[in-house]
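Convention: sequence-line order gives letters A, B, ...; per-chain numbering from 1.
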2 protein chains.
Amino acid sequence: MENSFTEENYLKAIYKLSRRTNGGVSTNALAERMDTKASSVTDMLKRLSSKKLVDYQKYQGVTLTDKGLKVAVDIIRKHRLWEVFLVEHLGFGEHEVHDVAEQMEHVSSPLLVERLDKFLNHPKYDPHGGPIPDADGKFPAPTRVKLDELPVGKQSKVLGVTEHSDSFLAYLKKVGLDLGQQFTLIDRHDFDRSVDLLLNGEPLHVSHEVARHIFVSN
Amino acid sequence: MENSFTEENYLKAIYKLSRRTNGGVSTNALAERMDTKASSVTDMLKRLSSKKLVDYQKYQGVTLTDKGLKVAVDIIRKHRLWEVFLVEHLGFGEHEVHDVAEQMEHVSSPLLVERLDKFLNHPKYDPHGGPIPDADGKFPAPTRVKLDELPVGKQSKVLGVTEHSDSFLAYLKKVGLDLGQQFTLIDRHDFDRSVDLLLNGEPLHVSHEVARHIFVSN
DNA sequence: TACATGATTTAGATGAGTCTAAAAATAAAT
DNA sequence: ATTTATTTTTAGACTCATCTAAATCATGTA
Ligand SMILES: [Mn+2]
Ligand SMILES: [Mn+2]
Ligand SMILES: [Mn+2]
Ligand SMILES: [Mn+2]
């Protein structure tokens with residue numbers, strides 16, 4: 001009935017990797033993400049499988065069961081709620097919260113989570129713009145899209161990012177694409193999938209590599 | 001450089017037991033408190049000793065080193081700060097917070113602790129009246145005494161308890177000795193060390209067994 | 001002083017989680 | 001269809017934290 005921190009971290013990693021690949025998650029992908037060895041992953045997948053948290057058969061990759069999915073989403077809920085708390089109430093910077101939340105997400109108390117959620121006024125997004133699932137595991141309706149998928153002519157604003165490296169965030173700051181910044185998408189170039197924006201009356205050219213990491217409203 | 005949750009819990013237990021015994025803490029006392037076996041305690045003491053967190057030689061009991069003391073006090077600081085947070089900001093009842101704090105105390109982030117402390121306005125006591133050490137490990141000056149040591153004639157108020165069982169707390173509630181309750185100590189009976197109080201104009205007889213678990217102002 | 005009793009430590013085992021090195025299965029290339 | 005390369009799994013070993021059972025130490029009492 002109890003999942004270890006390690007098990008919880010694996011489940012979350014499987015969840016995140018499976019969002020971007022169809023079919024099962026590979027042992028190597030998981031090893032890379034968990035910063036461990038493939039052999040350790042294999043061991044863990046057997047353990048998770050015996051606890052009915054994942055569907056796993058050797059050489060075929062792994063997927064979450066309903067039970068495993070529930071656990072993974074609950075960890076994500078806790079992680080993101082704590083990030084909101086740290087930023088909004090303790091004055092943490094956005095880039096300072098992740099490692100702490102990585103620990104807090106494992107505190108086990110349903111009462112705590114629901115009271116924290118209420119205290120925070122049931123936030124729908126974390127400080128990075130990540131959506132926060134509710135107590136039933138449902139994510140907020142996606143009122144957002146990646147910048148590289150926004151239709152031409154649309155007015156929009158920056159809601160979040162999926163890449164948190166210092167260099168990326170510094171770049172966004174430099175060109176003015178801060179969180180909440182409004183803009184209009186005025187053109188799209190198919191040959192390199194780059195886009196042209198208009199923000200504060202100034203034109204801005206954004207590469208696909210950058211655009212695909214930015215969440216915007218739609 | 002990293003202490004496991006288990007190690008931290010042992011250090012805290014050694015600290016608490018050593019407050020009430022002169023000399024080292026015994027293996028059995030520790031086993032009882034940690035709800036484990038004496039042999040497991042011996043193993044752990046060897047590990048803590050090799051990490052220079054305790055002074056231990058076989059059959060002689062154990063004491064904390066300066067290094068171990070620092071860790072123990074820091075865990076207590078975190079535990080009590082989180083309890084304040086849970087009660088004052090999340091609306092937990094006093095009796096609901098301990099188990100959650102037992103987990104939260106192990107979240108490792110000096111920045112988090114200092115920001116939490118600031119957010120809570122540097123509280124000096126937790127919801128049970130337990131003193132909260134500051135960032136340097138210093139406890140607040142004791143402006144308190146056990147009820148069984150209060151001088152006759154003194155007006156005082158309830159500040160905390162050292163016994164947290166449901167039955168004890170229910171008893172206090174029943175007789176009106178709630179946290180913050182004002183009273184005057186009107187008599188002391190040497191033969192059984194019981195005391196007579198006057199609270200809200202009504203007399204109340206309190207046994208030594210109860211009185212010795214109640215902190216009051218002096 | 002010697003025995004009995006209780007406290008403590010050792011010995012040996014287990015499970016979780018990890019590692020390295022080697023074997024096996026799958027996928028890619030010729 | 002073979003051979004080669006890559007991915008994945010097994011085998012065996014290690015640490016941490018725990019247990020049970022057996023041995024040892026310390027002490028109080030006869
Ligand atoms: Mn995060
Ligand atoms: Mn984590
Ligand atoms: Mn407590
Ligand atoms: Mn604890």
Side-chain angles (χ1 to χ4, degrees), chain A residues 1-14 17-18 20-64 68 71-72 75 102-103 105-106 108, chain B residues 1-14 17-18 20-64 68 71-72 75 102-103 105-106 108:
Chain A
M1 213 71 235
E2 278 299 289
N3 303 311
S4 71
F5 287 19
T6 310
E7 286 170 338
E8 291 182 347
N9 286 334
Y10 267 94
L11 291 172
K12 200 174 61 162
I14 294 167
L17 289 172
S18 68
R20 292 293 163 199
T21 61
N22 37 359
V25 174
S26 79
T27 299
N28 264 5
L30 220 32
E32 162 111 8
R33 175 140 191 146
M34 298 297 294
D35 195 29
T36 186
K37 295 296 149 68
S39 56
S40 303
V41 172
T42 300
D43 284 352
M44 178 55 84
L45 293 183
K46 287 176 182 170
R47 257 191 301 269
L48 293 174
S49 181
S50 79
K51 294 178 77 170
K52 309 277 187 211
L53 291 164
V54 302
D55 287 320
Y56 167 69
Q57 45 221 51
K58 48 166 109 168
Y59 296 104
Q60 298 310 124
V62 68
T63 55
L64 294 173
V71 175
I75 301 297
E102 200 58 47
Q103 298 180 64
E105 69 187 1
H106 304 291
S108 174
Chain B
M1 214 72 241
E2 278 299 291
N3 303 311
S4 70
F5 287 18
T6 309
E7 286 169 339
E8 291 181 347
N9 286 333
Y10 267 94
L11 292 172
K12 200 174 59 162
I14 294 167
L17 289 172
S18 69
R20 292 294 163 197
T21 62
N22 37 358
V25 174
S26 79
T27 300
N28 264 7
L30 218 33
E32 161 111 9
R33 175 140 191 145
M34 299 296 296
D35 194 29
T36 187
K37 296 296 150 66
S39 57
S40 303
V41 172
T42 301
D43 283 352
M44 178 55 84
L45 293 183
K46 288 177 183 169
R47 238 169 293 145
L48 293 175
S49 181
S50 79
K51 294 178 78 170
K52 309 277 187 213
L53 291 164
V54 301
D55 287 321
Y56 167 71
Q57 44 222 52
K58 46 166 111 168
Y59 297 103
Q60 298 310 124
V62 69
T63 55
L64 294 173
V71 175
I75 302 296
E102 200 58 48
Q103 297 180 63
E105 69 187 1
H106 304 291
S108 173

* Given C:dG17, D:dT8, D:dA17, the nucleotide with the shortest approach to the side chain of A:Thr42 -> D:dT8

* To do: Quickly work out the A:Leu45 CG to D:dT9 P distance and round it to whole Å.
  => 7 Å

* Compare all side-chain heavy atoms of B:Asn9 with those of B:Glu105 and state whether any distance is below 4.5 angstrom. => yes

* Asked: Taking only N and O in the side chain of A:Lys37, is any of them less than 4.0 Å away from OP1 or OP2 of C:dG17?
  -> no

* To do: Compare side-chain N and O positions of A:Arg47 against OP1 and OP2 of C:dG17 and report whether any pair is under 4.0 Å apart.
  => yes

* **Upstream residue (5' side of DNA chain C) when B:Lys46 and A:Asp35 are each assigned their closest nucleotide** => B:Lys46

* To do: May I ask you to test the B:Val25-B:Leu64 pair for a side-chain heavy-atom distance under 4.5 Å?
  => no

* Within the structure, does a side-chain N or O atom of A:Ser39 lie under 4.0 Å from either OP1 or OP2 of D:dA11? -> no

* **Sugar-phosphate, base or nothing in reach of B:Thr6, heavy atoms under 4.0 Å** => sugar-phosphate

* Whole Å only: how far is the CE atom of A:Met44 from the P atom of D:dT8? -> 17 Å

* To do: Please state how far atom CD in A:Gln57 lies from atom P in C:dT26, giving the value in whole angstrom units.
  => 12 Å

* **Heavy-atom side-chain proximity of B:Val62 to B:Tyr10 below 4.5 angstrom** => no

* Asked: Just how far, in rounded Å, is P of D:dT18 from CZ of B:Phe5?
  -> 13 Å

* What does A:Ser40 touch in the nucleic acid at a heavy-atom separation under 4.0 angstrom: a base, only the sugar-phosphate, or nothing? -> base

* Length of the CG-P vector between B:Asp43 and D:dT15, whole Å -> 14 Å

* To do: Quick one: label B:Tyr10 by what it contacts on the DNA or RNA (base, sugar-phosphate, nothing), any heavy atom closer than 4.0 Å.
  => sugar-phosphate

* Side-chain donor/acceptor contact of A:Thr27 with base of D:dT9 under 3.5 Å -> no

* To do: Classify the nucleic acid contact of A:Tyr56 as base, sugar-phosphate or nothing, counting any heavy atom under 4.0 Å across all strands shown.
  => sugar-phosphate

* Asked: Is there a side-chain contact between A:Ile14 and A:Leu48 (heavy atoms, below 4.5 Å)?
  -> yes

* Nearest-angstrom distance from the residue atom OH of A:Tyr59 to C1' of C:dA25 -> 4 Å

* To do: Please determine if a side-chain N or O atom of A:Asn28 lies less than 4.0 Å away from the OP1 or OP2 oxygen of D:dT6.
  => no

* To do: Would you mind classifying the nucleic acid contact of A:Gln60 as base, sugar-phosphate or nothing, using non-hydrogen atoms under 4.0 angstrom?
  => nothing

* Is any side-chain N or O of B:Lys58 closer than 4.0 Å to OP1 or OP2 of C:dA7? -> no

* Asked: Which nucleotide in the set D:dT24, D:dA17, C:dT26 lies at the smallest distance from any side-chain heavy atom of B:Glu7?
  -> D:dA17

* Asked: Less than 4.5 Å apart, any side-chain heavy atom of A:Glu7 and any of A:Lys51?
  -> yes

